[in-house]
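The structure appears below as structure tokens.
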Amino acid sequence: MESSQRIDHAPVVLDIAGTRLNDDDRRRLQHPLTGGLILFARNWQDRQQLTELTAEIKAIRPDVLVCVDHEGGRVQRFRTDGFTHLPPMRVLGELWMQDAMLATDAATACGHVLAAELRACGVDFSFTPVLDLDHGPSGVIGDRAFHRDARVATLLAKSVMHGLLLAGMQSCGKHFPGHGYVAADSHVDVPVDKRSLKAILADDAKPYEWLSTSLASVMPAHVIYPKVDSQPAGFSSRWLQDILRTRLGFTGAIFSDDLSMQGAKVVGSFLDGALAALNAGCDLVLLCNQSLEAGGAAVDELLDGLEAAQDAGRWQASPDSEARRLDLLPQTAPVAWDDLMHRPAYQQALARLP
């Protein structure tokens with residue numbers, strides 16, 4: 001296929017090594033398959049630096065989705081220079097047990113503060129809320145989960161999502177169909193959940209069904225559910241197409257989880273993983289922390305390999321996927337930090353935090 005005929009679809013979300021862009025970062029941002037950039041704590045110095053970094057990213061690629069894992073609790077990348085320390089989501093679940101309605105308002109406040117502060121610094125999107133249920137044994141999920149009860153988790157997540165939207169940010173439910181039941185951590189292991197599809201759909205996957213019209217995006221788990229498919233959920237068309245899209249009716253974007261995690265390595269190389277994820281039904285694929293190794297050679301190999309694989313017909317670009325990616329970009333202008341500090345709605349949200 002001639003490049004001039006190629007369908008635009010930018011599925012790769014990559015990272016950068018430092019607090020400033022280098023020439024390799026700038027080159028990769030201009031690659032036609034780059035659709036997003038994920039930031040980590042190593043990319044943070046202070047608000048001015050972050051704002052300048054995101055502005056340069058957008059100057060190079062205005063349509064790139066600038067993302068971060070910023071949930072609250074122990075998963076919050078920016079914690080100094082004015083950023084509010086948000087509670088772990090379990091705190092909202094505990095508040096629910098005392099006063100359910102107060103908890104929903106506190107959850108909306110969390111989402112509002114989280115999104116407004118990020119957007120004031122030029123960040124478009126956070127991978128939140130966690131929809132995993134708090135079964136107990138999972139250390140990697142733990143207090144990141146709202147509650148054991150899928151109904152409580154769903155309503156609190158929906159309230160957080162409402163807060164995100166108040167600040168112009170979309171949502172990402174994770175980790176479909178549920179990572180909370182297994183003790184193993186997919187960052188360093190390949191977790192296996194041996195429950196039946198019926199059991200999972202009746203419990204852990206319920207939030208995805210109940211939020212099917214509200215969630216903007218979903219991230220599947222690097223967990224194998226052998227009674228459903230031999231592949232982890234993020235590489236399984238059965239999970240992504242047959243169950244998430246067809247059975248549960250989800251219409252938003254699907255991100256792979258990080259292809260460099262141990263739970264993704266069962267499918268092979270980073271390129272193998274990206275191809276498997278895209279062909280299974282992911283719209284976007286994440287490759288994290290590889291900019292730190294060998295000058296980011298693995299990132300270049302993925303971008304170039306995907307481009308060659310597209311030309312060879314090993315995966316097909318999807319205009320629907322690209323539309324879903326673009327739908328995640330904020331549709332409103334951000335409020336500058338100094339202005340945000342004086343906004344009554346933001347002040348009220350701060351006052352309502354648990």
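What you see below is based on every heavy atom in this structure, not just the backbone, and it leaves out hydrogens, waters and symmetry mates.
- Taking a 4.5 Å side-chain heavy-atom cut-off between Ile, Leu, Val, Met, Phe, Trp and Tyr, the cluster of L328 extends to V13, I38, F40, L65, F125, F127, M219, F255, L284, L286, L326, L329.
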Before giving the answer on salt bridge (charged side-chain N to carboxylate O under 4.0 Å, His left out), spell out for K227 and D193 the whole-Å C-alpha distance, their side-chain angles and the decisive distance to 0.1 Å. CA-CA 9 Å; K227 290 187 178 170; D193 185 335; over 6 Å; no
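- When each of Q290, R28, R42 is paired with D15, the side chain to side chain donor-acceptor pair (under 3.5 Å) condition holds for R42 and for no other.
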Please determine whether salt bridge (charged side-chain N to carboxylate O under 4.0 Å, His left out) holds for the pair K198 and D203, giving the CA-CA distance in whole Å, both sets of side-chain angles, and the decisive distance to 0.1 Å. CA-CA 9 Å; K198 183 178 179 182; D203 196 6; over 6 Å; no
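- Counting only N and O atoms by type, the side chains of Q98 and E94 include no donor and acceptor under 3.5 Å apart.
- Remark: R26 CZ is packed, more than 12 non-hydrogen atoms of other residues, nucleotides or ligands lying under 6.0 Å away.
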Please evaluate residues W44 and F83 with respect to the criterion ring pair (Phe, Tyr, Trp, His ring centres under 6.0 Å), reporting the C-alpha separation (whole Å), side-chain torsions for both, the decisive distance (0.1 Å), and the verdict. CA-CA 12 Å; W44 162 263; F83 267 90; 5.4 Å; yes
Is there a side-chain contact (heavy atoms from CB on, under 4.5 Å) between V299 and L14? Walk through the geometry before answering. CA-CA 7 Å; V299 186; L14 46 78; 3.8 Å; yes
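- The pair D338-R343 fails the salt-bridge criterion, with no side-chain N (NZ, NE, NH1 or NH2) lying under 4.0 Å from an Asp/Glu carboxylate O.
- Rounded to the nearest 0.5 angstrom, D81 CG and R47 CZ are separated by 4.5 Å.
- Between R61 and D63, at least one side-chain N (NZ, or NE/NH1/NH2) sits under 4.0 Å from a carboxylate O, which counts as a salt bridge.
- Summarising the local packing, NE2 of H135 is surrounded by more than 12 heavy atoms from other residues, nucleotides or ligands at distances under 6.0 Å.
- At most 12 heavy atoms of other shown residues, nucleotides or ligands fall within 6.0 angstrom of atom CZ in R151.
- A salt bridge is defined here as a Lys NZ or Arg NE, NH1 or NH2 lying under 4.0 Å from an Asp or Glu carboxylate O, and R77 with E71 fails to meet this definition.
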Apply side-chain contact (heavy atoms from CB on, under 4.5 Å) to residues D143 and R74 and explain how you reach the verdict. CA-CA 9 Å; D143 65 2; R74 60 195 152 97; 3.2 Å; yes
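- By the 6.0 Å contact criterion, CE on M341 is enclosed, its count of non-hydrogen atoms from other residues, nucleotides or ligands being greater than 12.
- For OH of Y181, the number of neighbouring non-hydrogen atoms (other residues, nucleotides, ligands) closer than 6.0 Å is 12 at most.
- The side-chain hydrogen bond (donor to acceptor under 3.5 Å, both in side chains) pairs that include a residue from residues 240-254 are R245-D283, where partners are two or more places apart or lie in different chains.
- Within 6.0 Å of NZ in K158 there are 12 or fewer heavy atoms belonging to other residues, nucleotides or ligands.
- Remark: L215 CG to C172 SG distance equals 8.0 Å, nearest 0.5 Å.
- A donor and an acceptor atom, one from each side chain of E117 and T84, are located under 3.5 Å apart.
- Atom-to-atom distance recorded for T19:OG1 and Q49:CD is 5.0 Å, nearest 0.5 angstrom.
- Salt bridge absent: D132 and R144 never bring a charged side-chain N and a carboxylate O closer than 4.0 Å.
- In the hydrophobic cluster analysis, where Ile, Leu, Val, Met, Phe, Trp and Tyr join through side-chain heavy atoms closer than 4.5 angstrom, I141 is grouped apart from V75.
- Side-chain N/O atoms of R324 and S318 include no donor and acceptor closer than 3.5 Å.
- With ring centers used as reference points, Y225 lies under 6.0 Å from W239.
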One pair to check against side-chain contact (heavy atoms from CB on, under 4.5 Å): R238 and V228. What are the steps and the verdict? CA-CA 8 Å; R238 178 148 197 233; V228 183; 3.6 Å; yes
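- Taking the six-membered ring for Trp, W337 and H342 have ring centres at least 6.0 Å apart.
- Heavy atoms from other residues, nucleotides or ligands lying under 6.0 Å from CD of Q347 number more than 12.
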Worked check of side-chain contact (heavy atoms from CB on, under 4.5 Å) between D105 and S159: CA-CA 7 Å; D105 196 42; S159 298; over 6 Å; no
Kindly indicate, with the supporting measurements, whether the criterion side chain to side chain donor-acceptor pair (under 3.5 Å) is fulfilled by D204 and H179. CA-CA 8 Å; D204 292 62; H179 198 317; over 6 Å; no
